[in-house]
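Worksheet for the structure shown next.
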Amino acid sequence: MLTRIAGGHVIDPANQRDARGDVWIRDGRIVDAANARADATYDATGKIVMAGAIDIHSHIAGWNVNTARLLLPEYHSAAMVRPSETPLSRKGWSTFETGRLYAIMGFTTVVEPAVSPHYALHAHLELGDTPIIDKATLVVLGNDNYLLQLLHDNESEAAIEDYVAWTLDMSRSLGIKVVNAGGAAAFKDDIRAFSFDDVVPAYGVTSRRIVKALQGAVNRLGVPHPLHVHCNNLGLAGNFETALTTIAAAEELPLHLAHLQFYGYGKEGDRKFSSAAPQLAEAVNRKANVTIDVGQVMFGQTVTISADVLRQFNARTHARPKKWLILDGDANGAGIVPYEYRRKDFYNAVQWATGLELFLLINDPWRVFFTTDHPNGAPFTSYPDIFALLMSRDLRAKWIAELPPEAMAATTLPSITREYSLYEIATMTRAAPAKLLGLTERGHLGNGAVADVVVYEDSPDRARMFRAAALVFKDGDLVVRDGHVVNDRWGRTLAVAPERDRATDGRMKDYYEERYGLSDEFLKVPDYALQRPEPFEFVPCR
Amino acid sequence: MERAWILGRPAALDAAVAEAGKLIAASTNILIAGLGTDVAGARAAIALAQRTGAVVDHMRSEAVLRDLDVMRSSGVMMTTPTECHVRADTLLLVGPLRGAVRDQLLQNVIGNRQPKESAPRRVIWLCAGRDLPPLAETIAATPVGRGLDDLPVLLATLRAQVAARPTVKTGVSSKMLQEVSATLKQTRFGTAVWSGAELDPLAIEMLCGLVNDLNATTRFSGLPLAPNANAIGVMQVCGWTTGFPMRTSFGRAFSQHDPWLFDGHRLVTSGEVDCVVWISAYGDEIPPWRKAPPTIALTAQDVALDAPVQVHIAVGSPGIDHSAVQYFAATGTLAAFEATRPSETISVAAAIERIVAAMPERGAH
């Protein structure tokens with residue numbers, strides 16, 4: 001079956017393509033087939049053609065997300081027949097709707113970035129029930145007893161690598177994330193504030209040492225995605241210095257900083273809260289081995305879901321509405337705290353501006369990634385509105401005019417004139433994430449790529465354009481037409497399995513017996529449990 | 001090995017499945033209850049409910065929803081059985097902790113496998129009733145209060161004392177209560193343990209409030225013990241497939257959750273449903289109501305029903321006859337269990353899939 005998407009404006013930054021032309025698909029792959037006879041042709045004249053978008057950081061599945069669902073029954077359309085203010089889920093906050101809503105916007109691969117090893121099977125069960133899109137998980141280390149004990153005992157780099165590789169394999173993950181390294185472990189000993197050079201009392205190791213150990217291990221194992229870091233001190237005034245310290249600590253190895261907006265706060269002004277995005281952007285611009293995603297805030301009701309239990313514990317008193325759950329988990333734990341970002345709230349308006357400043361002040365669209373840290377800054381359904389804001393200074397000016405002037409004065413956003421081009425949007429949401437995650441067959445439209453292709457109307461209303469694609473192909477199958485799902489197929493979950501010394505398996509078995517009196521069998525994610533034909537696809541390590 | 005009955009008479013599985021499909025297709029208000037099944041069975045049952053506009057409820061919903069109601073109306077601090085095992089230096093046991101949760105208490109919370117490095121534990125047991133003396137050799141606990149009737153005032157008093165607020169006299173000596181609240185405050189990492197099956201939601205809320213208040217000056221967390229019949233596993237599946245826990249209806253075009261409206265027992269006794277699918281693969285639970293509309297029962301093997309039902313199919317035990325994913329009380333997570341004694345006995349998921357395949361097409365509803 002040869003499919004031709006004919007005559008569209010093809011924007012494919014990975015292949016430096018930005019011109020009118022055709023895209024050909026055969027057996028689920030992009031092919032070079034100029035002048036061949038197509039079995040099916042889709043006219044894309046006057047439309048925009050891009051690869052399927054990739055979201056590198058969106059909390060869509062697992063125990064934390066599901067607990068948020070159970071905590072907030074009132075946010076479903078099902079609880080309110082005609083919801084006007086329920087952006088989390090216009091049609092119900094299920095895995096099924098998550099997959100469909102992403103596909104409608106032209107996203108074909110999404111990474112759930114915070115899976116605790118003990119809950120890996122749960123996360124994969126939910127991802128297995130998330131249709132159309134492909135998925136991946138990042139597994140969280142850095143507050144777990146085993147790693148901290150290795151560091152405390154000054155064990156070898158090889159021992160840490162083996163443990164990291166074992167964890168990736170057991171949890172079927174694509175990469176490693178560290179969340180407030182050491183902070184959750186310190187919180188168990190009643191520590192309430194924890195910075196990069198603070199020491200976890202029970203182990204005598206600093207956050208810095210944990211981050212450096214994991215960064216090095218991930219790099220040496222050849223895992224394509226660099227260590228994904230959720231820094232200490234999220235959300236606190238003055239925390240841009242924590243982010244600067246962490247960026248400096250990257251030295252010359254790759255490091256990814258998640259949702260940098262939440263670390264973009266200075267202490268200027270009467271309220272001792274201001275945007276420090278310019279300083280952060282400058283630091284990122286200078287450091288080519290560092291990548292970041294933004295974690296943009298948008299106004300409205302949402303819920304914050306985080307493995308940063310210390311942060312969420314401290315934030316629970318700000319819950320809107322007033323209910324929350326804190327889990328003192330086996331390693332990181334979790335916190336679920338509902339929150340409403342309000343236009344009239346000084347702090348929320350500064351947060352909104354800080355995120356946009358980071359997008360607009362970081363020069364290289366290959367190193368700044370498009371996220372809202374869904375649902376923490378905003379639900380993923382708000383992406384189209386953010387694309388529109390990035391692409392139009394006039395639209396930003398309209399928003400700014402309606403926000404508290406003193407908040408806007410605490411940022412540089414009103415003075416920024418940059419507008420993203422469609423080419424830059426495609427870089428940021430397609431080419432760059434594929435490169436960051438090591439997905440060489442995705443994020444582009446070159447010969448041999450996975451045929452994840454999106455056709456958008458070229459509407460001047462960019463939010464409208466990105467909200468509902470005209471056509472979406474997943475693995476070459478048409479899945480969305482005119483903004484409606486036409487084919488609920490099942491995707492795969494991407495994972496890596498770096499080499500390890502197999503003696504690690506025996507050591508881990510003994511560890512679980514010793515520490516918990518349990519077999520480590522419960523950690524496994526066997527294919528049979530997921531009940532999908534091919535649940536996993538393995539991505540090669542370097 | 002297949003065993004099935006139609007109206008109490010042995011039947012071939014195919015015939016039973018066809019009869020069940022016909023009955024479901026001919027019914028308008030269907031209740032899928034019991035729901036004692038693994039993750040695959042729950043997914044299949046919910047898919048059937050979505051297809052037929054049915055209500056889903058679980059035999060242990062009452063207990064699950066008590067804990068859930070507290071969570072979704074206030075704040076809750078929780079920990080895992082494994083973290084409690086390695087870290088808790090004080091256990092605050094609340095209520096008699098009888099029945100299904102007693103094993104969890106003994107195996108996962110008390111256990112005899114306390115890790116080497118942890119400090120000796122203090123155990124305080126509020127309102128153990130008559131259950132403590134026989135367990136005295138296993139659990140060296142300080143008993144406080146007698147029956148559950150004492151609990152509300154004891155919790156309120158402890159919470160007030162922890163917050164340094166004035167208290168009134170209770171049935172327990174104030175010296176003892178002061179010692180208890182002092183112990184709770186001096187703990188390094190305490191865990192309160194209870195069962196939603198035994199406590200009133202207001203008592204659970206007061207207990208969770210006490211735990212939260214203790215975190216002003218130390219670390220304390222909660223550990224609700226799970227009901228049996230994979231109740232927590234089924235709740236999780238309901239959560240990701242519908243956004244809601246059990247007691248959810250698909251009678252309209254969207255899923256709708258209401259703990260009273262979609263209480264299976266209420267629906268049956270009020271005559272609001274015309275067909276019941278009763279699922280119980282774990283134990284010998286049979287439908288708890290006397291008079292029921294036409295019923296399809298998927299039960300564990302060798303379970304005798306009180307009276308013949310339209311269709312009865314014996315299903316395999318999850319994790320024994322067939323591999324299964326289910327809630328694992330030792331870790332508080334979903335875990336996969338390979339079949340320990342694989343057999344041909346049909347699983348709940350497979351039985352439902354067969355029934356769906358046998359359903360005659362029906363018009364849009």
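The chains referred to below are lettered A, B, ... by the order of the sequence lines, with proteins before strands, and numbering in each begins at 1.
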Is chain B contacted by the side chain of [X], its backbone, both, or neither, given a heavy-atom distance below 4.5 Å?
X       : value
I191(A) : neither
T67(A)  : both
L71(A)  : both
L125(A) : both
F522(A) : both

Open item on the list: Quick check for you: among T191(B), T82(B), D258(B), V237(B), which has the greatest number of heavy-atom pairs under 4.5 Å with chain A?
Closed with: T82(B)
Task: Heavy-atom pairs under 4.5 Å with chain A, option from A335(B), S74(B), P81(B) with the top count - done: S74(B)
State plainly whether the residues [X] and [Y] are in salt-bridge range, i.e. N to O under 4.0 Å.
X       : Y       : result
D505(A) : R507(A) : no
K323(A) : E74(A)  : yes
R219(B) : D189(A) : no
D57(B)  : R247(B) : yes
D89(B)  : R188(B) : no
E83(B)  : K188(A) : yes

Open item on the list: Would you say the rings of W240(B) and H122(A) are close, in the sense that their centroids are separated by under 6.0 Å?
Closed with: yes
Open item on the list: I need the contact set between residues 205-215 of chain B and chain A: heavy-atom distance under 4.5 Å, sorted by residue number.
Closed with: N212(B), N215(B)
Is it the backbone or the side chain of [X] that comes under 4.5 Å from a heavy atom of chain A, or both, or neither?
X       : answer
A324(B) : backbone
Y327(B) : neither
T80(B)  : both
T217(B) : backbone

TODO: For side chain to side chain donor-acceptor pair (under 3.5 Å), just list the numbers for R320(A) and Q301(A), CA-CA rounded to whole Å, side-chain angles, deciding distance to a tenth of an Å, and then say yes or no.
DONE: CA-CA 8 Å; R320(A) 298 174 182 166; Q301(A) 178 69 53; over 6 Å; no
Task: Check: C238(B) and I46(B) side chains under 4.5 Å, non-hydrogen atoms - done: yes
Task: Minimum side-chain heavy-atom gap L518(A)-T331(B) below 4.5 Å - done: yes
Task: Within 45° cone and under 6.0 Å: R69(A) NZ/CZ vs F244(B) ring - done: no
Open item on the list: For F187(A) and F313(A), take the angle between the two ring planes, folded into 0 to 90°, and tell me which bin it lands in: parallel under 30, tilted 30 to 60, perpendicular over 60.
Closed with: tilted
- [ ] Tell me the residues of residues 324-337 of chain A whose non-hydrogen atoms fall below 4.5 Å from those of chain B, in number order.
- [x] W324(A), L325(A), I326(A), L327(A), D328(A), G329(A), D330(A)
TODO: Check for a donor-acceptor pair, side chain of D321(B) on one end and backbone N or O of S317(B) on the other, with a separation under 3.5 Å.
DONE: yes
Task: Side-chain donor or acceptor of D488(A) paired with backbone N/O of I132(A) under 3.5 Å - done: no
Open item on the list: Y146(A) and ring pair (Phe, Tyr, Trp, His ring centres under 6.0 Å): which single residue from Y511(A), Y203(A), Y512(A) fits?
Closed with: Y511(A)
